[in-house]
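So that the names make sense, note that chain A is the first sequence line, chain B the second, and so on, each numbered from 1. Quantities reported herein were computed from a predicted structural model and do not represent experimental measurements.
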Amino acid sequence: MLLEVKDLNTYYGESHVLQDMALSVDEGELVALLGRNGMGKSTTLKSIMGLVKPKSGTVVYKGKDIAGYPPYKVARVGIGYVPEERRIFPNLPVLDNLAIGIKGGKIDKGNPDAWTVDRVFKHFPALKARSGQKGSHLSGGEQQMLSIGRSLMGNPELIMVDEPTEGLAPFLVKEVRDMLEDINQTGVSILFVEHNLKVAMSLAHRLYLMGNACLAFTGTVEELDAQPEIRAKYLEV
Amino acid sequence: MSPTTAMYVAQAIHGLAYGMLLFLVASGLTIIFGMMGILNLAHASFFMLSGYFCYTIITLTGDFWLALLIAPVGAGICGLLVERFLLRKVHVQGHLAELLLTVGLMLVILEVVKAGWGTESMMIKMPNGLDGLISVANMTYPVYRLFVIGLSLVVLGIMALILYKTRLGMIVRAAVSDADMVSALGINTPLVFMVVFGFGTWLAGVAGVVAAPLLTVFPGMADQIGMDAFVVVVVGGFGSLIGAFVVALFLGELNAYGIQFIPRLAPVLMFAFMAIVLAFKPMGFFGERE
Amino acid sequence: MNILETEGLYHDFTGLLVLFDVNLEVKEGERHAIIGPNGAGKTTLFNVITGTYSPSRGRVTFKGKEVTGWKPHKLTRVGMGRSFQITSTFSRLTTFQNIRMGILSKRRIRFNLFRKVDKMQNITEETDDVLKRINLDGERNLPASMLSYGKHRSLEISMALATDPDLVMLDEPTAGMSRDETHNAVELIRRLTEGKTMVIIEHDMDVVFSLADRITVLHLGRIVASGPPGEIRENQTVKDAYLGEVEV
Amino acid sequence: MRNNLSRWIYWVVGLVILAIYPQVVGIYYTNVFVGFAIFALYAVTLNLLLGYMGVLSFGHAMFFGVGAYSTALALTHIQGFPLLPALLVGGLAGAMLALILSPLLVRVSGTAFAMLTLAFGQLIFVLALKYREVTGGEDGVGGYPTPSFNIPGVVSIDMTDQINFYYFAVAVIIVCLWVLWFYTKTPFGSLVVGVRDNAMRIDYLGFKLSHTKAVNLIVSGCFAGIAGAIYALFQNLVSTLGVLDIGTSFAPILMAYIGGLGSFFGPIVGSGILHLLEDVTFRITEQIELVNGLVFILVVLYAPMGIVGLLRQAKAKWFHKEKVS
């Protein structure tokens, strides 16, 4: 197991937003986290990332418990984070946005698999043409690519992507979906939150479904397909 | 050149020198606010503290240049410690707690200074060679004020280099808009915060030493510049260096000419200016966020 | 008779045009749904109608009176109420206090400084009455932030209705609700908006088709179709723009 | 019924204690108490903004100071100016200032509000320093007559007598506090709390946000002005450094924060704690500001919910334990 989360409990003030959450991601896997609004999907990612401090539970990454680490330490063990709303740096040009993602500021020349700006551009050709532009001047789709590219610059083994297709025009949804698959092919594991069921089901190897603050279902796409009542209860509206 | 013109020019240089000093103080304040959301009310206290360090160093060694080198570093170290051991601890409680903590700090520093150095005004002699007047094109300029302008420009240049040409600067600019995201990319933001806080107080310290011979060193020496620096940050826009620069120079001139022509209303002018700007642009001229 | 009309409404965010010549007509007493894919400008249209923004161009008419550019509080006072897509309650106040805000507004009690609000029996009774009707009487004294997601959403909708508006604008009232919760919310909305006019933004087609008398489809800032549900279901443009996509 | 009875008992016991207090503790502590009571009222007015409406007034001394100066100037320049109007003048001045500033202040919140109030506070401080012919600058205005409490034909009580003044001040402050407490319980008071939680929604419920904020600002300014007026009568000296300086702005924030922002009575407790502390400190050192500063830092570090918050926590814990056992 690359990542194994167990009994994770997180509170916002007094409300218990994650209750004994558990999930795992294997090397090379593409795992989707599904559920309705307000069920705690984003909070799960944030709790793993250390952006929200979980009250109890373990987050084991490559055999090491990283629960309660500050975000930068979580990033340094090899987890990349692509947040909701992308959160690119609006006043920095595209190149600098990417450069910030480089761990320690230097690209590891000894590692042939290390991500470079050129390699990111190969995956996201649209960004190359905009490399001198400020982040705030990019379209929604370009910002999404930049945000993913930025996290890849740190050579993560796992990236966590929160709502990659939200608010994107339909033709871009497919494009971003394909890019995620593409990146997964290069060996990066992906844990993503998605509410477009079509995207999630076509992309994921395995699914987690969140009910109110806790896990409701886990299994493969086929298994979920075989259980229409679960789908209806937790996903369809 | 007519005497009137000469007077105008002299005032302009006065204003420029003060504006530059103001910028040194305000730049640290605005970066700290932009990155950490902390309105550091104790910022000007470090300015004053550095002035006292300068006094002590000069008393011990007689060397102004040594004081210029060491005193700001001393203030900067105090800043580092404050960030590391006080502000970081209350960060989770939100900005009000941080603000109040800096108020407490301001009171404590002031009282410590009074206890340590007394409440008397203490003169700092201008360094040799800078205390005279220089005459160019039929006009005389006070050398020290030109030196203040020059030194500030140098510091400004170094700051711009760091901010726009180094990775640290890039990180700082990114963190001003979204510090959490920077952290999620693997950058030790608590360390960056500490360094920036230290750097900001160092800048205030430099201003403190440079201002010491002009203002003399006394417990109230930071009052005006501290207040002015807040106006600069607010009017220029929270977190905006360019805004701080423009407004600092403007306020410097406003101050200089105001004192010349309407001595009683000069400070009022400044606050009125701020009120008007805020009435129309609550974020300040160059500010982007609350 | 139309209770709400927009004529040639345009709105842009610094150069980005999000509403383009929108002519919306809402008849008195009807349940009108606005649908469209993400980014179509639905919430922006709501915001322009309810006074969050002034439109760049065009007119808004409410109850026969031009209200273009009116501020939200003024619109509320003449009988427009709205709820929000992102739950926007008074988080530290109790459920009871939240609803009471709406009741106070309905009763036009604003600057009353001479009585304790807790001692105003009629207000308390009316608030409790509303709480019962929306099935939140069990959570009466719980801070809004402690409510479950579904109940918090109900509170959000009910606050808009507590002011007793003639026209209710609901922005994705069932967003993120489970099927049961959605079902309850729809019943609640149906019950509470009896005899009122309602405009609703909704993604759930079941809700839309079960609730709406008329549907307007917004796509890329323009109205591409408007009509009764049956007609909309068969409309090819609509299918292309929207309905085709939501199927899983 | 029992609840009502016990409330009456509390009131009676409280009033009896206040009544015999000067006889028991002597004149020095009588005056300390008046000082405490004035700042308790002043801190409560600050908390109307900070705790109830959610904005930090960083220049609250301007309301206090303007009230104090107005009263002092009225007494200095108008022969035979009576006592109660002297208080009203202070309250009116505070309210007027708030009214004048409100068009600007209601537009902003958060840091901008704090900055703007700080700026106006400083502006008024500087103005008062510069216009010495009116305000006396750093020396201030002093030595004006203290009018008697006079109901023609009924009673005339000499207010230069410190014990008499104690009763007068405490009575006025209790009335003011009660009025403010009642104010927070009115429908309008509940609106103000709504502004704190979700300002935007206030407008969408048909209340006008800017008016709501302005009225609360004016109420706060008015009672801060009254506190200043009592101060002016009490001290018989009003100076820029005493009533308008930044320290006077910080004091009520510290008091409210120490006591606890969440409750009406928190700031009163805070004022009590600070005054006790000050009294003790003065026996050891002159550096009262140093102690204040340290208290600021310690409270923020270790008691962010204030003393009242700490007590509540302790109470909750205690009752919880009791239930368990």
When the 4.5 angstrom heavy-atom criterion is applied to D:I288 and chain B, the contacting part is neither
Given that the side chain runs from C-beta out, which part of D:L123 has a heavy atom under 4.5 Å from chain B: side chain, backbone, both or neither?
both
Which answer fits B:M270, side chain, backbone, both or neither, if we ask what part of it has an atom under 4.5 Å from a heavy atom of chain D?
neither
Report yes or no: does B:T56 contribute a side-chain atom to a donor-acceptor pair with the main-chain N or O of B:Y52 at less than 3.5 Å?
yes
Using the benzene-type ring in the case of Trp, are the ring centres of D:H60 and D:Y42 under 6.0 Å apart?
yes
Determine whether B:F273 and B:L251 make a side-chain contact, defined as any pair of heavy atoms from C-beta on separated by less than 4.5 Å.
yes
Closer than 3.5 angstrom, by distance alone: can the side chain of D:T117 be matched with the main-chain N or O of D:F113 as a donor-acceptor pair?
yes
Look at the side chain of B:T30 and the backbone N and O of B:L241, then say whether any donor-acceptor pair between them is shorter than 3.5 Å.
no
Contacting region of B:I109 [heavy-atom separation from chain D under 4.5 Å]:
neither
Quick one: of B:L100, B:V234, B:V90, who has the most non-hydrogen atom pairs under 4.5 Å with chain D?
B:L100
Need one label for D:I253: side chain, backbone, both or neither, based on atoms under 4.5 Å from any heavy atom in chain B.
side chain
Ignoring hydrogens and geometry beyond distance, is a side-chain donor-acceptor pair present between B:E98 and B:H95 at under 3.5 Å?
yes
Heavy-atom pair count under 4.5 Å with chain B, highest-scoring of D:L105, D:V299, D:I246, D:L116
D:L116
Based on non-hydrogen pairs under 4.5 Å, which of B:V108, B:V112, B:V231 is most in contact with chain D?
B:V108
Which atoms of D:L104 come close to chain B, meaning under 4.5 Å heavy atom to heavy atom: side chain ones, backbone ones, both, or neither?
side chain
Atom group of B:L86 that falls short of 4.5 Å from chain D, counting heavy atoms
both
Given the side-chain rings of D:F39 and D:F64, with only the six-membered ring counted for Trp, is the space between their centroids under 6.0 Å?
yes
Chain B heavy atoms under 4.5 Å from D:Y131: which part of the residue, side chain, backbone, both or neither?
both
By a 4.5 Å heavy-atom criterion (distance strictly below it), what part of B:L99 contacts chain D: side chain, backbone, both, or neither?
side chain
I'd like to verify something: which residue of B:T102, B:L110, B:L96 has the highest number of heavy-atom pairs under 4.5 Å with chain D?
B:L96
Can you check whether B:M227's main-chain N or O pairs, donor with acceptor, with D:Q122's side chain at less than 3.5 Å?
no
Donor-acceptor pair, side chain of D:S102 and main chain of D:A214, under 3.5 angstrom:
no
Under 4.5 Å from a heavy atom of chain B, the part of D:L50 involved
side chain
